[in-house]
Structure formats: C-alpha cells, structure tokens
Amino acid sequence: FWLKAFLSLSINPPSCCSRGGDSHLPSSSTSNMGKVHGSLARAGKVKNQTPKVAKAEKKKILTGRAKKRFVYNRRFVSVVKGGPKRGPNSNMK
C-alpha cells in the first residue's frame with residue numbers, strides 16, 4: 001500500500017510541491033493562509049492603555065575628575081575584606 005502511494009506521489013506530485021515557475025509566490029486562490037501582522041486598527045493599543053508616570057528627579061551625574069574619584073573610592077577604598085565578591089548592581093549587604 002505505502003509503495004503504491006509513494007510511486008503515485010513521485011509520478012504526480014501535488015500542486016503545492018510543484019517545481020515549475022514561481023510556485024513559492026502566493027497566489028490569489030490561496031485564501032486560507034493566516035495574516036502575518038495584526039490590523040492597523042489595533043496599532044498602539046498597549047502604549048495608549050499604559051498610565052503615564054512622571055519622571056522622577058535624579059541626582060546630577062558626575063563627570064571628569066569627580067567621577068574618577070567616585071569610581072576609585074568605590075572600587076578600592078570602601079571594599080569589604082573577606083567575603084564573597086559581589087557585582088556592581090548587587091543589593092545584598
């Protein structure tokens with residue numbers, strides 16, 4: 001049975017597997033395929049639903065000599081001796 005089915009496929013391949021011409025291009029008769037992206041009516045839906053939060057005031061960032069001094073003090077002066085090494089963003093005390 002399976003041999004007969006295989007031979008029939010190799011002799012008469014289905015239309016989706018044909019190798020002639022531009023078979024990989026979508027045809028007008030193919031209407032059962034899904035959409036690639038959503039409709040433009042829903043564009044920006046999540047951003048518009050998200051509540052607006054005002055930006056918080058931040059401390060002025062250091063530049064130049066003051067930044068170098070801050071980095072030196074953080075890396076070498078206030079290092080705790082004898083303990084596991086922690087990353088720069090660690091909140092553990």
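Numbers for residues simply follow the sequence, beginning at 1.
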Can you give the donor-acceptor pairs under 3.5 Å from side chains of residues 52-75 to other protein atoms, not counting sequence neighbours?
unit_1 : atom_1 : unit_2 : atom_2 : d
N73    : ND2    : R69    : O      : 3.2

All side chain to side chain contact (heavy atoms under 4.5 Å, CB included) counterparts of T50, not counting sequence neighbours: V46
So ring pair (Phe, Tyr, Trp, His ring centres under 6.0 Å) across residues 40-59, not counting sequence neighbours, yields none
